[in-house]
Amino acid sequence: MAAKNYQVAEILYMVADYLDLEGEEFKVRAYRRAARSIENLSQSIEDVAKSGKLQEIPGVGEAIAKKIDEFLRTGKMEHLEKLKRKSPVDMESLNAVESLGPKKIKLLYQRLGVRNVEHLSKAAKEAKIRGLPGFGELSESKILQSLGNVSSNKRRFPREEVVPIAEMIRKKLQSMNVVEKVEVVGSYRRKKETVGDLDILVVSSSPSEVMDAFLNIDGIDHTIGEGEKKASLVLDNGLQVDLRVVGAESYGAALIYFTGSKYHNIRLRKIAIKKGYKLNEYGLFKGDEMVAGSTEEEVYRELGLDYIDPENREE
DNA sequence: CACACGGCCCATATAT
DNA sequence: ATATATGGGC
DNA sequence: GTGTG
């Protein structure tokens with residue numbers, strides 16, 4: 001696999017992050033879309049560039065093609081350098097802090113001059129963050145807590161590495177008598193070589209008990225959030241695990257939704273709209289009436305499609 | 001050229 | 001108590 | 001910034 005593809009994607013993601021900081025909206029999506037395409041590219045980006053076919057990659061047009069060329073030739077992208085100069089904020093590490101996104105990073109920079117995690121930590125310890133619009137005491141302590149988690153290096157995990165973990169969680173939840181079904185969804189179910197996190201879908205009439213059990217599995221480093229139907233935590237090895245509880249009538253729709261991919265979902269939704277339906281994680285609806293939802297097969301059939309295996313739902 | 005650009009949901013915290 | 005903003009997910 | 005109409 002071409003190592004450069006990953007680098008190019010990374011750098012495009014970075015450009016997107018900086019544009020995000022500037023309040024751009026559509027350029028951000030454009031850059032991320034191009035980055036994604038390149039990640040999923042089966043050929044080496046260098047070969048594509050050599051044959052002058054960069055613009056045939058979905059989401060890559062004249063401007064991005066030029067920038068990719070520049071990066072492949074010189075190892076740099078002036079556009080990114082310029083963005084960095086203009087707004088010297090360490091997006092990469094700040095973005096990795098839980099609960100911080102472009103909007104809040106921007107605010108922290110403008111009001112407190114926060115450029116990196118060191119500044120952030122200092123500001124938090126000096127209690128300068130509470131009181132800023134959108135921040136309170138709780139936000140401040142959450143930031144400090146997140147900074148303390150060295151394990152918050154975001155990386156993707158090889159599938160083999162997470163299989164035993166996924167199985168452990170699946171078994172544990174499945175053994176509960178209030179649990180009807182458990183499935184590990186997301187890119188894990190699509191059998192991708194690496195996964196960014198684990199997504200677990202559970203059918204149960206007693207969500208709170210499931211939440212309880214989930215928040216007490218072995219090897220938890222810290223929890224990110226918990227609600228009635230949804231919880232997220234991070235394991236000791238840094239792997240994030242999300243749990244979602246749904247009712248049996250929505251199981252199929254939720255499976256589809258949480259298995260993804262994102263682009264597959266968009267495609268399905270468009271088909272649904274064209275047929276006068278609305279598709280979401282709860283079911284397929286005609287007006288207020290649910291016409292399908294408890295099984296995946298049912299939803300695909302109602303949309304006029306053959307069943308598609310999870311591995312083939314990339315787009 | 002002008003225009004749209006996935007669409008819907010949950011969780012959390014703050015603001016009213 | 002409810003609305004709004006933001007982050008996050010697919 | 002890119003892709004469509």
Side-chain angles (χ1 to χ4, degrees), chain A residues 12 15-16 18-20 22-37 54-68 79 94-108 129-143 146 154 185-190 192 195-201 207 211 223-233 240-246 250 253-274 277-285 310 313-315:
Chain A
L12 293 177
V15 170
Y18 279 99
L19 292 172
D20 207 341
E22 294 190 351
E24 289 280 356
E25 191 171 353
F26 296 109
K27 286 188 189 183
V28 174
R29 289 192 204 170
Y31 274 97
R32 293 202 175 127
R33 176 164 184 235
R36 257 198 102 108
S37 285
L54 283 176
Q55 292 193 48
E56 287 178 20
I57 300 169
V60 176
E62 202 184 328
I64 294 184
K66 210 176 271 178
K67 293 182 176 85
I68 293 173
H79 185 56
L94 286 176
N95 228 342
V97 177
E98 285 158 10
S99 81
L100 286 191
K103 301 261 176 27
K104 289 192 167 172
I105 292 174
K106 187 177 177 184
L107 192 91
L108 287 166
I129 291 176
R130 64 183 75 177
L132 255 49
F135 292 90
E137 248 177 89
L138 212 67
S139 321
E140 198 173 76
S141 54
K142 272 207 156 183
I143 286 171
S146 174
K154 283 193 179 169
V185 290
S187 53
Y188 182 90
R189 184 162 179 247
R190 300 204 313 277
K192 298 284 281 183
V195 299
D197 61 14
L198 274 184
D199 302 295
I200 319 265
L201 181 66
M211 287 298 157
T223 67
I224 296 173
E226 47 176 303
E228 287 174 51
K229 303 169 175 177
K230 205 171 129 177
S232 296
L233 51 81
Q240 182 173 328
V241 188
D242 299 327
L243 177 79
R244 187 73 183 241
V245 183
V246 300
S250 299
L255 268 180
I256 291 175
Y257 183 75
F258 292 109
T259 298
S261 68
K262 197 163 126 178
Y263 289 123
H264 183 70
N265 289 348
I266 290 170
R267 213 188 106 215
L268 293 185
R269 265 196 309 267
K270 279 188 176 151
I271 293 170
I273 290 166
K274 201 181 288 176
Y277 295 125
K278 183 182 85 158
L279 177 65
N280 59 28
E281 74 230 68
Y282 298 107
L284 184 66
F285 297 87
R313 297 185 196 169
E314 287 313 314
E315 33 183 283

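Lettering follows sequence order; numbering is per chain, from 1.
- Protein atom CD1 of A:Ile271 is 16 Å distant from nucleotide atom P of B:dG6, rounded to whole Å.
- Separating the CG atom in A:Leu198 from the OG atom in A:Ser187 is a distance of 8.0 Å, to the nearest 0.5 Å.
- For A:Ile64, counting side-chain heavy atoms from C-beta on, the closest listed nucleotide (B:dC8, D:dT2, C:dC10) is D:dT2.
- Annotation: side chain of A:Glu281 is in contact with side chain of A:Arg244 (closest heavy-atom distance under 4.5 Å).
- Note on A:Lys66: nothing from the nucleic acid sits closer than 4.0 angstrom, heavy atoms only.
- Atom CG in A:Leu54 sits roughly 11 Å away from atom P in D:dT2 (whole-Å rounding).
- Residue A:Val28 is out of contact with every strand shown, counting any heavy-atom pair closer than 4.0 Å.
- The interatomic distance linking A:Leu201 (CG) with B:dC9 (P) rounds to 17 Å, in whole Å.
- Residue-level contact check: A:Ser232 touches neither bases nor backbone, having no heavy atom under 4.0 Å from any strand.
- B:dC8 and D:dT2: their P atoms are spaced 28 Å apart (whole Å).
- Where stacking is scored as ring centres under 5.5 Å apart with planes under 30°, A:Phe26 registers as stacked on the base of B:dC5.
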Distances under 3.5 Å only, N/O to N/O: pair up the protein atoms with those of nucleotides 10-13 of chain B.
unit_1	atom_1	unit_2	atom_2	d
B:dC10	OP1	A:Tyr282	OH	2.7
B:dC10	O2	A:Lys230	NZ	3.4
B:dA11	OP1	A:Glu228	N	3.4
B:dA11	OP1	A:Lys229	N	3.0
B:dA11	OP1	A:Lys230	N	3.1
B:dT12	OP1	A:Glu226	N	2.6
B:dT12	OP1	A:Glu226	O	2.3
B:dT12	OP2	A:Glu226	O	2.8
B:dA13	O3'	A:Ser139	OG	3.4

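- Close to D:dG1, at under 4.0 Å from its OP1 or OP2, lies no side-chain N or O of A:Arg29.
- If you check every strand for non-hydrogen atoms under 4.0 Å, A:Glu24 touches nothing.
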Next on the checklist: side-chain contact (heavy atoms from CB on, under 4.5 Å) for A:Lys230 and A:Asp242? Distances and angles first, verdict last.
Outcome noted: CA-CA 7 Å; A:Lys230 205 171 129 177; A:Asp242 299 327; over 6 Å; no
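- With rounding to whole Å, A:Lys67 atom NZ is found 8 Å from D:dG1 atom C1'.
- Relative to the side chain of A:Arg269, the nucleotides B:dG7, B:dC9, C:dG7 differ in distance, and B:dG7 lies closest.
- Counting only heavy atoms from C-beta on, A:Lys27 has its side chain closest to D:dG1 among D:dG1, B:dC9, C:dT6.
- A donor-acceptor pair under 3.5 Å links the side-chain atoms of A:Glu140 to the main chain of A:Ile129, judged by distance alone.
- Between the C1' atom of C:dG8 and the CG atom of A:Asp242 lies a distance of 9 Å, rounded to the nearest Å.
- The main-chain N or O of A:Pro58 is found under 3.5 Å from a side-chain atom of A:Ser37 such that the two form a donor-acceptor pair.
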Next on the checklist: Test side-chain contact (heavy atoms from CB on, under 4.5 Å) on A:Tyr31 and A:Ile64; report intermediate values, then the result.
Outcome noted: CA-CA 8 Å; A:Tyr31 274 97; A:Ile64 294 184; 3.9 Å; yes
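- Whole-Å rounding puts the A:Ile143 CD1 to C:dT6 P distance at 15 Å.
- Of the possible polar contacts, one joining the A:Ser261 side chain to the A:Arg313 backbone as a donor-acceptor pair under 3.5 Å is found.
- As judged by a 4.0 angstrom heavy-atom cut-off over every strand, A:Phe258 is placed among residues touching the sugar-phosphate backbone only.
- In this structure, A:Leu284 atom CG and B:dG7 atom P are separated by 16 Å, rounded to whole Å.
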